[in-house]
Participant: 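Sharing a structure here in structure tokens format.
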Amino acid sequence: MTTPSSVPVPVSVPVAAARLDAFTVVDVRTPGEYAGGHVPGAHNIPLDRLDEAASVLRAVATRGPLLIVCASGARSAKGCERLAALGVEALSLDGGTGAWAAAGHAVERPAGTGRTPWPMDRQVRLTAGSLVVAGFAAGLVQPPAHWLSGLIGAGLVFSAVTNTCGMAAVLSRLPYNRRAEGAPDFHETLARLAV
């Protein structure tokens, strides 16, 4: 399921639902987002840890197809690109967990999960927007503070051009984006996948 340019074609929700048992599903969102609801049977390996998991995922991919999932499909597509660069073939779920749930498919949540964090893209928009407004407001009193708004704008442009997000990397380390209590940690997840 790849195009001539080796870019994987996203798997539609109906195809993924029909073949779910054939896939090893890997959710690349933060542990907090994953705890908020994920495709049944998905294993959580955050996007920023794919390099560490490459050898295990390479072995898993020899046994059957890998389906990479995130909230909307953007991070999973990026994860597939990263894995391809590491020699691991994987497919992305078109529309991510949002499209999965919108199609009426069940999502799993760990028992005892309380309030779940917003998806990372929403957290980034809130943080960036708040910093821009704060820079503008502070600039009314201290004009050099307008530079904060300019720097955030420049960071967003850089993020779009490079398809990276430093703000998301920082936000993913906040306590509410960490794994739920009792959920397997990264190394436990790798051990489960290796079996």
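Scope of the values below: all heavy atoms of this structure, side chains included, with no hydrogens, waters or symmetry mates.
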Participant: I need the minimum non-hydrogen distance between I152 and A128, along with the two atoms involved.
Facilitator: CG2-O, 3.8 Å
Participant: Under the salt bridge (Lys or Arg N to Asp or Glu O under 4.0 Å) definition, can you give me all pairs with a residue in residues 39-56, not counting sequence neighbours?
Facilitator: D48-R173, R49-E52, D51-R82
Participant: Could you check D94 against V15 for side-chain contact (heavy atoms from CB on, under 4.5 Å), going step by step and ending with a plain yes or no?
Facilitator: CA-CA 10 Å; D94 192 25; V15 169; over 6 Å; no
Participant: State, to 0.1 Å, how close V88 and L66 come at their nearest heavy-atom pair, and which atoms those are.
Facilitator: CG1-CD1, 3.7 Å
Participant: Supply the atom-to-atom distance T24 OG1 to R63 CZ, rounded to the nearest 0.5 angstrom.
Facilitator: 6.5 Å
Participant: About how many Å separate CZ of R75 and CD of E33, when rounded to the nearest 0.5 Å?
Facilitator: 4.0 Å
Participant: For residues L50 and G79, report the shortest heavy-atom separation together with the two atoms involved.
Facilitator: CD1-CA, 3.6 Å
Participant: Restricting to non-hydrogen atoms, name the atom on W100 and the atom on P40 that form the minimum distance, rounded to 0.1 Å.
Facilitator: NE1-CD, 3.8 Å
Participant: How close do G73 and C70 get, heavy atom to heavy atom, and via which atoms?
Facilitator: N-SG, 3.0 Å
Participant: Spell out, as yes or no, whether a donor-acceptor pair under 3.5 Å connects the side chain of R109 to the backbone of G36.
Facilitator: yes
Participant: Would the distance check show the side chain of T127 and the main-chain N or O of V124 forming a donor-acceptor pair, the cut-off being under 3.5 Å?
Facilitator: no
Participant: Calculate, to the nearest 0.5 Å, the distance between atoms CE and CG belonging to M167 and L126 respectively.
Facilitator: 10.0 Å
Participant: Do L93 and V107 sit in the same hydrophobic cluster, where Ile, Leu, Val, Met, Phe, Trp and Tyr count as joined when their side-chain heavy atoms come under 4.5 Å apart?
Facilitator: yes
Participant: Nearest 0.5 Å, please: how far is CG in L57 from OG1 in T62?
Facilitator: 11.0 Å
Participant: Judged by atom type as modelled, is there a donor-acceptor pair below 3.5 Å linking the side chain of H38 to the main-chain atoms of E108?
Facilitator: yes
Participant: Hey, quick one: are V56 and L86 part of the same hydrophobic cluster, counting side-chain heavy atoms closer than 4.5 Å, chains of contacts allowed?
Facilitator: no
Participant: Between I68 and C80, what is the shortest heavy-atom contact and its length?
Facilitator: CG1-SG, 3.7 Å
Participant: Roughly how far, to the nearest 0.5 Å, is the CG atom of L67 from the CG atom of D27?
Facilitator: 10.0 Å
Participant: Quick one: does N44's side chain have a donor or acceptor within less than 3.5 Å of a partner on R29's backbone?
Facilitator: yes
Participant: Side-chain contact, heavy-atom cut-off 4.5 Å: S149 with V132?
Facilitator: yes
Participant: With rounding to the nearest 0.5 Å, note down the distance linking CH2 in W147 to CG in L151.
Facilitator: 7.5 Å
